[in-house]
Amino acid sequence: MKIILGNSHPQSLFAQRIEALSRQKLFACYQCGKCSSGCPMAESMDLLPNRVIREAQLNNGPVIMSCRAVWFCSSCFACAVRCPKGIDIARIMEAVRTLQMLDGKPITEQPFCEDTGTLPQIALISHFRKFNM
Amino acid sequence: MTRLGVFICHCGKNIARTVNIEALREKAATLPHVVLAKDYLYLCSKPGQTMIADDIREHRLDKVLIAACSPRLHGKTFAQTAQRAGLNPYLLDMANIREHCSWVHIDGAEGTEKAFSIIKGGLGRLLYAEPLEPFQSPVTKRVLVIGGGVAGIQATLDIANSGYEVYLVEKSPSLGGHMAQLGETFPTLDCSSCILTPKMVEVSQNEHVHLLSYSEVTRIEGNIGQFQVTVRLRPRYVDETLCTGCGDCVPTCPVVVSNEFDQGLGARKAVYLPFPQAVPAVYTIDWDACLNTDKLIICENCYKDCEAKAINFLMEPQEKMVEVGAVVLATGYELMPVARIGEYGGDEYEDVIDGLQFERMLSASGPTGGVVRRPSDGRIPQNVVFVQCAGSRDPEHGIPYCSKVCCMYTAKHALLYKHAVPDGQVYVFYIDIRAAGKGHEEFVQKVMSEERILYLRGKVSKIFKSGAKLVVWGADTLSGRQVEIEADLVVLAMAVIPSSGSQKLARTLHIASDLSGFFSEAHPKLRPLESNTDGIFLAGAAQFAKDITDTVSQATGAAGKALSLLANDFIKLEPTISEVEEGICRGCGLCVSICPFGAVKMLPSTRTGAMVAGINPILCKGCGLCTAGCLSGAVTLKGSSFKQIFAQLEEMV
Ligand SMILES: Cc1cc2nc3c(=O)[nH]c(=O)nc-3n(C[C@H](O)[C@H](O)[C@H](O)COP(=O)(O)OP(=O)(O)OC[C@H]3O[C@@H](n4cnc5c(N)ncnc54)[C@H](O)[C@@H]3O)c2cc1C
Ligand code: SF4
Ligand code: SF4
Ligand code: SF4
């Protein structure tokens with residue numbers, strides 16, 4: 001699918017919402033991929049963490065809203081600690097989760113559950129603890 | 001009656017956008033003593049300057065205020081204009097209504113009002129300005145070069161071959177710097193020491209060069225054209241004039257330590273020559289390693305074995321004073337220690353090494369004789385992973401910049417490894433390939449395609465040990481997948497950082513360095529070879545990471561700068577320096593301790609004989625600290641006298 005950018009495009013709407021929710025500088029990411037290299041959950045993810053950021057930079061709403069990777073993120077913060085640009089990727093993952101839920105689908109109907117039939121427990125528990133949701 | 005002229009510049013739209021020039025000119029014309037107020041689109045242009053000069057003559061102006069940009073930009077331009085019109089240049093001043101006003105204001109009314117008060121202040125100050133004459137100072141026709149890497153060597157040779165004397169001060173026992181450690185050099189694969197050692201020998205044989213190795217500059221005083229330098233010569237416990245370089249002292253030395261020239265991969269004795277082609281070809285005793293101390297002689301093996309009787313355990317540090325007219329600073333770089341990246345395990349795993357260590361492994365004269373062997377067990381590694389940008393481009397961990405040479409030398413390493421171990425596998429992790437030099441991109445592309453090297457676009461996050469192997473966790477962002485490699489050897493392209501001690505040296509020389517510690521140039525675009533202190537020039541990796549080609553070009557440029565200074569018998573120094581009024585000075589000596597340049601001394605007054613402060617005009621940089629510090633108000637900074645400054649303030653507020 002071709003990405004159409006330019007004036008007619010709702011400029012960076014997604015990117016803006018993710019930035020607002022995560023309070024992270026999305027465009028500081030220079031796509032080095034260090035977050036993805038060390039992510040313990042990457043094998044289960046449909047998009048690597050750096051790709052989630054890339055799609056957000058590209059303002060690619062459909063991909064972001066249907067991405068499952070964020071539900072596998074365990075908020076271990078390995079990425080945030082190592083990111084050379086000081087981006088807290090785990091917060092961006094959380095922002096995407098929030099956006100997906102705000103979109104109307106309850107957690108149990110998230111694409112993740114359709115796949116496995118269970119809740120992503122590790123993820124949920126650590127989210128509750130670390131982000132005080 | 002003073003006849004003042006005010007010239008207001010539009011600077012295109014730079015000033016005119018926020019300042020109402022017409023209104024400003026009209027108001028300025030009404031100020032006391034102003035006989036002429038004019039505005040112009042670009043005062044710095046040729047017609048603009050001609051207009052000013054003509055007006056000075058025609059209207060018999062005796063003081064002129066230019067309301068325009070910062071004097072840092074065009075102070076000299078307008079001073080010359082004044083001179084051409086027969087006006088003492090110190091009777092022309094600038095009022096900065098651009099950087100200090102139009103650029104920082106949006107509102108036109110506010111901007112215009114502020115511009116007016118800046119002009120008023122400038123005129124107030126100008127009223128008390130006095131004509132000053134620059135004074136001449138002789139130029140000592142000798143140069144000091146600090147650092148004996150390829151930068152220092154090149155600068156030394158260029159200057160010495162022009163017939164001037166050079167003092168070359170090198171911290172380590174030998175010339176050569178990092179280039180002496182390299183095997184082959186990108187992009188041409190010239191043998192590094194084959195092209196460097198002839199130059200080192202040339203330095204040692206040039207009659208105009210005084211090579212002070214194993215030495216450091218501890219103090220520098222003076223000014224452009226006249227620097228007094230103190231050099232501390234460390235004792236090498238071997239008499240340079242007697243040592244024949246035979247090496248008979250080495251075999252019986254009982255102490256074995258790691259060899260810094262081999263980046264810790266090999267060993268040497270306490271008495272050593274860093275490498276066979278070292279210049280000077282003189283042995284050195286590493287006193288920290290030697291069994292003897294200043295108080296106690298325990299071992300005399302080398303002493304007994306030296307036929308030339310060159311060993312002297314009682315040698316002491318010496319100080320040498322040299323006088324030079326210019327300084328070239330070429331203290332080079334270091335690599336960031338691998339231990340600083342914890343997740344790469346560099347301090348724990350022997351087989352995680354840096355680029356310079358790999359250079360030593362590749363070098364025929366290196367600790368492995370040019371065979372690539374991993375440090376832990378001496379085996380030839382079959383899987384080698386290179387990690388680029390290790391430490392560089394990582395502002396979170398302190399190094400925001402790109403180290404510029406590692407993309408290139410990693411490609412070179414990959415190539416040389418493949419030549420050495422044709423059935424071995426090489427993987428290179430990179431973020432971007434930066435190969436912008438002449439022949440550089442071609443080199444990298446050739447290595448990739450002809451050696452069939454897999455470049456993986458992603459930054460490694462972790463390296464850990466699993467049995468005898470190292471596991472590297474990386475990613476390939478192009479395919480969107482994680483990558484795991486079991487490696488025998490990992491080479492980290494560590495960030496290039498300024499050599500240790502360069503901060504201290506910057507303080508000794510009173511020059512500035514940037515946030516990363518590299519010496520700052522006077523202007524990043526237009527004066528890249530000069531430090532911000534006149535007469536001190538910069539060359540090589542001490543200014544910023546760069547390859548040999550750029551280093552040599554810069555060194556030749558810095559030498560040229562020094563030579564053009566030496567071409568003068570005298571240089572003109574700014575008269576805007578401080579002066580003590582003997583009658584007011586009460587001799588307390590406070591200013592002596594305040595002056596950062598050592599320019600103030602207490603001397604008996606020629607009239608009364610009482611001790612009063614005297615300022616050496618060559619040393620004084622006109623910073624004004626003593627002026628502000630003197631409790632009696634006895635010191636005046638010429639061109640910025642108290643009268644001038646108070647008048648300026650009074651008019652402005
Ligand atoms: C792994 C690696 C491979 C490389 N390969 C290549 C290559 O193939 N091709 C290429 O073009 N470039 C290569 N380079 C870059 C090259 O090393 C530099 O361009 C070059 O060495 C810079 O020379 P320099 O004289 O400025 O600094 P240096 O070589 O660092 O020399 C500085 C000298 O100053 C001395 N010194 C330091 N402090 C003081 C002090 N306070 N007082 C007195 N002396 C002092 C040091 O002892 C040293 O002798 C490579 C770099 C690395 C790290
Ligand atoms: S580690 Fe940071 S800069 Fe690198 S890709 Fe991930 S978020 Fe971007
Ligand atoms: S916080 Fe999430 S994205 Fe980051 S490394 Fe951990 S699991 Fe992966
Ligand atoms: S030269 Fe290449 S490897 Fe070195 S810091 Fe720059 S981009 Fe990274």
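Just the heavy atoms: all of them, side chains too, but no hydrogens, waters or symmetry mates, feed the values below. Protein chains get the first letters and strands the later ones, always in sequence-line order, with residue 1 at the start of each.
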Whether over 12 other heavy atoms sit under 6.0 Å from [X] [atom1]:
X	atom1	value
A/Lys25	NZ	no
B/Glu484	CD	yes
B/Lys469	NZ	yes

Between [X] and [Y], what is the shortest heavy-atom contact and its length?
X	Y	value
B/Gln482	A/Cys39	NE2-O, 3.0 Å
A/Ser37	B/Ala475	OG-N, 3.5 Å
B/Glu396	A/Gly86	CG-N, 2.8 Å
A/Arg82	B/Lys462	NH2-CD, 3.5 Å
B/Val460	A/Lys34	O-CE, 3.3 Å

From CG (A/Asn50) to CZ (B/Arg457), nearest 0.5 Å: 8.0 Å
Rounded distance (nearest 0.5 Å) linking atom CD of B/Gln388 with atom SG of A/Cys32: 13.5 Å
Contact winner vs chain B - A/Val81, A/Leu48, A/Leu47, heavy-atom pairs under 4.5 Å: A/Leu48
Heavy-atom check, side chain of B/Arg393 versus side chain of A/Pro84, under 4.5 Å: no
Donor-acceptor contact present, side-chain B/Thr477 to main-chain A/Gly33, <3.5 Å: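 It does not hold such a pair.
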N/O donor-acceptor pair under 3.5 Å between A/Tyr30 side chain and B/Ile431 backbone: no
